Structures are given as C-alpha cells and as structure tokens.
Amino acid sequence: MSELEEKILEIRQDFPVLNRLVYGKPLVYLDNAATTQKPKCVISAISDYYLNYNSNIHRGVHRLSQEATDEYEKSRKIIKEFINANKTNEIIFTRGTTEGINLVAHSYVRPRLKEGNEIVITHMEHHSNIVPWQIVCEETGAKLRVVPINDAGELIFEEFEKMFTDKVKFVSVVYVSNSLGTINPIEEITKKAHSQGIPVLVDAAQSIQHIKTDIRKLGCDFMVFSGHKIYGPTGIGILYGKENYLEKMNPYQGGGDMIKSVSFERTIYNDLPYKFEAGTPNIEGAIGLGKAIEYVSQIGFDFITEHESELLKYAQEKLSEIDGLKIIGNAARKASVVSFVLENVHPHDVGTMLDVDGVAVRTGHHCTEPIMRRFGVPATTRASFAFYNTKQEIDILVQSIQKVIKMFS
Amino acid sequence: MEELKELYQQVILDHNKNPRNFGELPTCNRHAEGHNPLCGDQIEVFILVDEDTGKIEDVRFKGAGCAISKASASIMTTLLKGKTIEEAKELFEQFHKVVTSDPSSNADIINLGKLAVFCGVREFPARVKCASLAWHTMLNALDNHTTTKVSTEQV
Ligand SMILES: Cc1ncc(COP(=O)(O)O)c(C=O)c1O
C-alpha cells in the first residue's frame, strides 16, 4: 500500500459512517457537495456539550454558561483564523449559506437600492443566490443582471466587465459551482467591482471545503458558507462581513442577545457580531463547526487539494471513456465535482441503480435550474468527492454506471 | 438485487424504450400537463372522451422523464382505452394503492393484472412520484375540460 493510500485509510477511520453497508454493499459516498460526512471529533464535541456543559450562552453567571460561552466564542476565533479575517467580530453565526445571503440582501442591499439600480449575479448560481435578489429587486424596482457562461461552464469575464456600469450596486457570485464544479476568478471579479466601488458577496458554500480561503487575498466584502459542507453539523453557517459594512447595516432580526438595552421608547443594538445573532443560537452547531474546521486544518489544504484534484482527474478520465456519457461542466479550473448525463438513461434511474450498489450520488437539477436549461438537460447525475474518497470508489462508480447502461441498452 | 429487478421489470424497460400511444392527440377534449420540478420530468396527457357514452376513446401522452415515469404513462394509456371515466378513476385508486402500500403486505395486491408491474416501486419511496406523475395528470385531465397543470410539489 502506498503512503497516500495508508493516509486515506487512516482518515477514513475518523468517519464512522464510511464503514457502513448499504444494501449489503460498502457505502461509496459521492454526494459530498450536498453534505459531507462528520468526523468523530465533531460528533464528540457536540455530545460533550450536551453531556457536560449544556447551558445558554452570554446570559448566566454560572459555571456551565461560562463554559458554553467560551466554547462558542472559541469557535468564532477558529473560523476567523481559518479564513484569515481581520477581526473576530466580522464572523457572524447563521443557519447556513442561504440565511447569510438573505441577511445581506435584506440588511445591506435592500435599504440602499433604488428603482433602476442593478444587482449582478452569474448564470451558475445556486437558487439561494438567485431568489433573495429577485425578492429584493421586486420590492425596490431594481433589476437583476446575469453574467452568461460558455459551453465549458466558465464565466464569460468580458461580459462581466461590460455589466459594471454605475447602475450596479451589488455583485453576488458563487466561488465554486455546485453542479458544474467551475472555480470562478473571485480575485479578479472583486478587483474589477471595487474599481467601481461596488461591494461583492462570495457564496463559498462549495469552495470552503476544497480551496484554502484567504479572505484578505480574495478581497470580497461579504462571504457566506454552510457548516455541513465542511464536515460540520447542519443548521450552522458563517457570514463574514467587513467591519465597516456590518457596522452600517441594520439588524436582520430583532430579539434577545442582539440588544444592549430595551425600553418601549428606544432600543440600543448590541455591538458586532451580536447585533446579527438574535435569539439563542445553534450553540452545539457553532461548537461542532469550530471542531470541524480544526480537523480540516489539521488534515491540511496541501493534502486536500492534491488528493482531490487527483480524484477529479481520475474520475473525469474514467468517466469520459464510457460510451454515451457526457460530462456537463468542463471548466479549466474545477473543484472535485463531476456532473454527467447518459444517453437514453434519465439521471433518476441512474441514481436508483447506483444506490443499490451502495453508491450515493445526487441526481436532479441541484438547485441550479438555469444551468440545466443552459445545457439543455432536465437533470444530471453528480458525483462529488471529498478527501476521504478513493480511486477504488471511483472504479466502483464506473462499474455501476456500466451496469446501468447494459440494463437500459 | 431482487428489488431492483422488481422495479425495472422487463415490461417497464420495454415501455420505456418503446412507449405506446406516444405523441399528441389533436382531437382530444381533455388535456393536462404534469411536472415534477424535483427531477425535471414533464408530461402531457391527451384524452378523447366520447361525450355520449362517457367512454375513453383514445388517449395519448407526450413528455420527457425517467424510465419509471415514461413506462408508467405508457402502461396507463394502454389500460385506459375503452374505460368509462368512473372506471378510469377507479383504476387510479388501485394504482395509487399499489405504489403506496406497505411492501410486506402482499394480501391486497393479488388480481392486479397489469398494475402488478408497479409493485416494485413500493420498495423505492423516492420513486413513487415518478410513477404517479402520469396518473395524477390523467386524473386532472378528466376532472377539467380545459387545460390544467399539475405539479408533484406544492409551489
Ligand atoms: C453553491 C451553493 N450555494 C448555496 C447553497 C445553499 O446552502 P444551504 O442549503 O446550506 O444554505 C448550496 C448548497 O447546496 C450551494 O451548493
């Protein structure tokens, strides 16, 4: 066994679920873009909270509350370090990517938008980076502009540049496409937008787990991601915002924890980041996410990027050899996501058949209907890889696809 | 894997490849569109009812979808011809029972005739909507003289 194989085997031991059988076959989990599996340390961190110091945060004077508050705030620091933010108070806990985008849309963008203004997104956004902007546009009379993509599934950058007129008040763009795998040139986009004074939000839901993130290098003003896609729990996510933007914004929700003092005449909002964390938050989620990020940092992005791009290359090679299989999304820079369609077999049937071989993939439109329309397919089958996946698992995927083709021929 | 063979029976595969009564029916007097937004399946059902006898004279369908939804639509059309509207609705009820009943209770599914091919669907709850789309669309077409749209999801 090579050193790499040994290391992956060791990593796999951290993920108990990877040992289970599905229909009597070993689980081959290739649906990591939907959600990743959780390592033992994350699961233990959550149960440790409930077993040993469950209590509400920022309120009690008692010992348990202090411990819970410390762990919750420690996670915030871990995340700040992880993305290289300037300040800890630029890290806001949310429910996930979707909530982060909605928060920025409603608290920052909407109050500043007038009829005739424009918001720019791209053709490869997840529905969660389309619908909040449509709502805001409908309410204000602003217009949503969409940057087109080419046949490989890459942004047409020149079109992007052309759209940056002084009507544009905000740009919101996905870093890595969840259905095509395309990696977008965020630094260039931010530079261009900033040269015209336009703030940029980056949807990092599919990049945070694959690409080392340095927020200062990226330069964006807001960034959002979900804990569950980076080996953490569901129901927790992060909104990063530059302090000067967050300071200017009104709260998203009102309630406890986000206030300094309340009287019926006047309420004074709390400081950052608490201004945006109304109510009792997802405490175990935040603690679990902190642990997940520690775990990922320990694995290290050198290993993650190298191994995952090896998996991507191997998968694309093997899949392209299959007669009648077409890969949707052939960008020059891709994360470990492969979408494909089979001639004469609907993705839904592919998904069911792979499932009984223990292979978990996603089939459907992946919450990106405009991409499906762009490529003229109703749906795709998507295999997405994490650092715990192996080439052997890709071989099983390929064999299983061959069975599908045989059955439907 | 037995369940898989049960789901993708030869009959289903055959109807998927060579769907019967496929295409438009310009003379139809009942028509509905069905849509499953989760997987992009789209179907149109055209029915010609003889208004005097109340019997289904002809039925055709059109659309794109997975093998289960296509075969289900195709088989449905073969079962509907010559039936009265009441009988068609009864058939729908029977079909619905087949795909949603508890797989371990085989008691009530004897005498299903052609509907028996849908028994395999019960083992795959994620696929019940695929099998049902055409049937719900048919029901809608019968209930409405004008064109209507049905969706498997509430939107
Ligand atoms: C690119 C992208 N953006 C946003 C989301 C939404 O994330 P969540 O459902 O965790 O809020 C996803 C998740 O599928 C995604 O892939």
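Bear in mind that the values here come from a model prediction, so they are computed numbers and not experimental data.
Contact of Met407(A) with chain B is made through backbone and side chain together, with heavy-atom distances under 4.5 Å. Contact of Lys70(B) with chain A is not made at all, since no heavy-atom distance falls under 4.5 Å. Of the two parts of Ser409(A), only the backbone, made up of N, CA, C and O, holds a non-hydrogen atom closer than 4.5 Å to a non-hydrogen atom of chain B.
Checked against ring pair (Phe, Tyr, Trp, His ring centres under 6.0 Å), Phe46(B) has the following partners two or more places apart in sequence or in another chain: His31(B). When the ring pair (Phe, Tyr, Trp, His ring centres under 6.0 Å) test is applied to His365(A), the partners found at least two apart in sequence or on another chain are His127(A). Checked against side-chain hydrogen bond (donor to acceptor under 3.5 Å, both in side chains), Glu154(A) has the following partners two or more places apart in sequence or in another chain: Asn150(A).
Within residues 61-68 of chain B, the residues having any heavy atom under 4.5 Å from a heavy atom of chain A are, by residue number, Gly65(B), Cys66(B), Ala67(B), Ile68(B).
In summary, the side chains of His348(A) and Asp41(B) do not present any donor paired with an acceptor at a separation below 3.5 Å, with no hydrogens or angles considered. When only modelled atom types and interatomic distance are considered, Thr100(B) and Arg122(B) share no side-chain donor-acceptor pair under 3.5 Å.
Ring geometry for Phe95(B) versus Trp135(B): interplanar angle under 30°, hence parallel rather than tilted (30 to 60°).
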- Would you please test Tyr29(A) and Tyr388(A) for ring-ring contact (aromatic ring centres under 6.0 Å, His included) and show each step? CA-CA 9 Å; Tyr29(A) 188 75; Tyr388(A) 47 59; 7.0 Å; no

